Amino acid sequence: MDAAEVVVIGGGVMGTSIAFHLAEAGVRRVVLVERDELGSGSTCKAAGGIRAQFSDEVNIRLGARSLEAFARFGTRPGQEIDLRRVGYLFLLSRAADVEAFERSVALQNGLGVPSRMLTVAEARRLSPLIEPDGLLAAAFSPDDGHCTPESVVLGYATGARRHGAEIRTRCAVLGIDANGGRITAVRTSHGRIETSTVVCAAGAWSAAIGAMAGVDLPVQPLRRQIVFTEPMPDLPRPVPMTIDFTTSFYFHGEGAGLMLGMSDPDERPGFALGYSDAWLPRLTEAIGLRAPRLLDVGLTGGWAGLYEVTPDHNALIGEDREVSRFLYATGFSGHGFLQGPAVGEVIRDLYLGREPFADVAPLHAARLAGDRLRPETNRV
Ligand SMILES: Cc1cc2nc3c(=O)[nH]c(=O)nc-3n(C[C@H](O)[C@H](O)[C@H](O)COP(=O)(O)OP(=O)(O)OC[C@H]3O[C@@H](n4cnc5c(N)ncnc54)[C@H](O)[C@@H]3O)c2cc1C
């Protein structure tokens, strides 16, 4: 008989972090099931941005805790992740955004995050590529930055295996058996695994996993794209993660050049994953406004990935109230990579019945059935 104490579904940053934290805590027979390769979902498509600058207190706590974990990643779980603490610089050109960021910075400071408001001149000194026209102010936190998603997945997967977890790739979950609100097994393309506990960490595909257990996880896939520039030998370094908050155009250093990204308001929910150039005119317009020097730099290609979006752009973290021991960590709406370390810790504690370091009760999926939406407004 194939049996597990916990089956974790999904081999992205969430699933591997959860498997690592459970196995490290001594949970026996943790089995992670990934239908493709580790990191092949959204995680290895991410821009790698990590930050604690959010508007929601829970996100600030999860971001700050993850930043600490990323800083110690070389020793626990033990992996080089090319961490760059270059800071996140939000450029603000609307008075309402300046007020909202001032409130967020005060909240962040109260939680120990060293963010601060900057003048436009200070922002330009930090990120000299920017054109200041129309800017009113900026917000910056030096602790934020970026690191490499595939290394983080590798580190957690290796650490999970070291502590006895089993990772099965090319193994798709096809169904979840439950009886009277209790899980009995997970059915996969490689057979049935007897278990009483499932953790859904299936990213943009989580609604389908939830439906297998009769659990509503309202997560929608939304395509997002990034592109890379040619090498820029004269680029002043370090380059902070620079975000033009009004247009959502952002860039950060990547190799010898830059990575560029932006949301596309024409994008509609769906699993389409092909890269398309249709967004480039809008991106070019945003570059022309905020970083016109980049118009002279060639692009070397890019890729598309999926955001896993909830109605209030905040994560779903918790345990279902009807189906016992169906836990979920999904719907990160564009900031799941950076929350991976902290959420792995939280799910470990929810499973073990310990109090997590942060109260994630407001992120329970049940909020979406009522009127307790919890919007995160500092979105990229
Ligand atoms: C272009 C882009 C840029 C981004 N930039 C950032 C950023 O800078 N910072 C940040 O924090 N976030 C960023 N994100 C968001 C981030 O990538 C995600 O929030 C995060 O990777 C989610 O991780 P996950 O482990 O939950 O999901 P995933 O990495 O998608 O993992 C889910 C896994 O579940 C597997 N799966 C699905 N169904 C099944 C099944 N039936 N059986 C078995 N396995 C299954 C999938 O194959 C997949 O590998 C970005 C996303 C994109 C697309």
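Atoms within each ligand, like the ligands themselves, are counted from 1 in listed order. These numbers were taken from a predicted model, which means no experiment stands behind them. Numbering starts at 1 and runs along the sequence shown.
- The protein residues lying under 4.0 angstrom from ligand 1, judged by non-hydrogen atoms, are Gly10, Gly11, Gly12, Val13, Met14, Val33, Glu34, Arg35, Ser40, Gly41, Ser42, Thr43, Lys45, Ala46, Ala47, Gly48, Gly49, Cys171, Ala172, Val173, Ala201, Ala202, Gly203, Trp205, Ile209, Arg224, Gly305, Leu306, Tyr307, Glu308, Phe332, Gly334, His335, Gly336, Phe337, Leu338.
- Looking at Arg29 and Asp2, a side-chain N of the basic residue comes within less than 4.0 Å of a carboxylate O on the acidic one, giving a salt bridge.
- For Asp36 and Arg170, the salt-bridge test passes: some basic side-chain N is under 4.0 Å from an acidic carboxylate O.
- In this structure a side-chain-to-backbone donor-acceptor pair under 3.5 Å is missing from Glu376 to Asn59.
- Hydrophobic clustering (ILVMFWY, side-chain heavy atoms < 4.5 Å, transitive): Leu235 and Ile287 are in one cluster.
- With salt bridges taken as basic N to acidic carboxylate O contacts below 4.0 Å, one links Arg354 and Asp349.
- With 3.5 Å as the limit, one finds a donor-acceptor pair spanning the side chains of Gln108 and Ser115.
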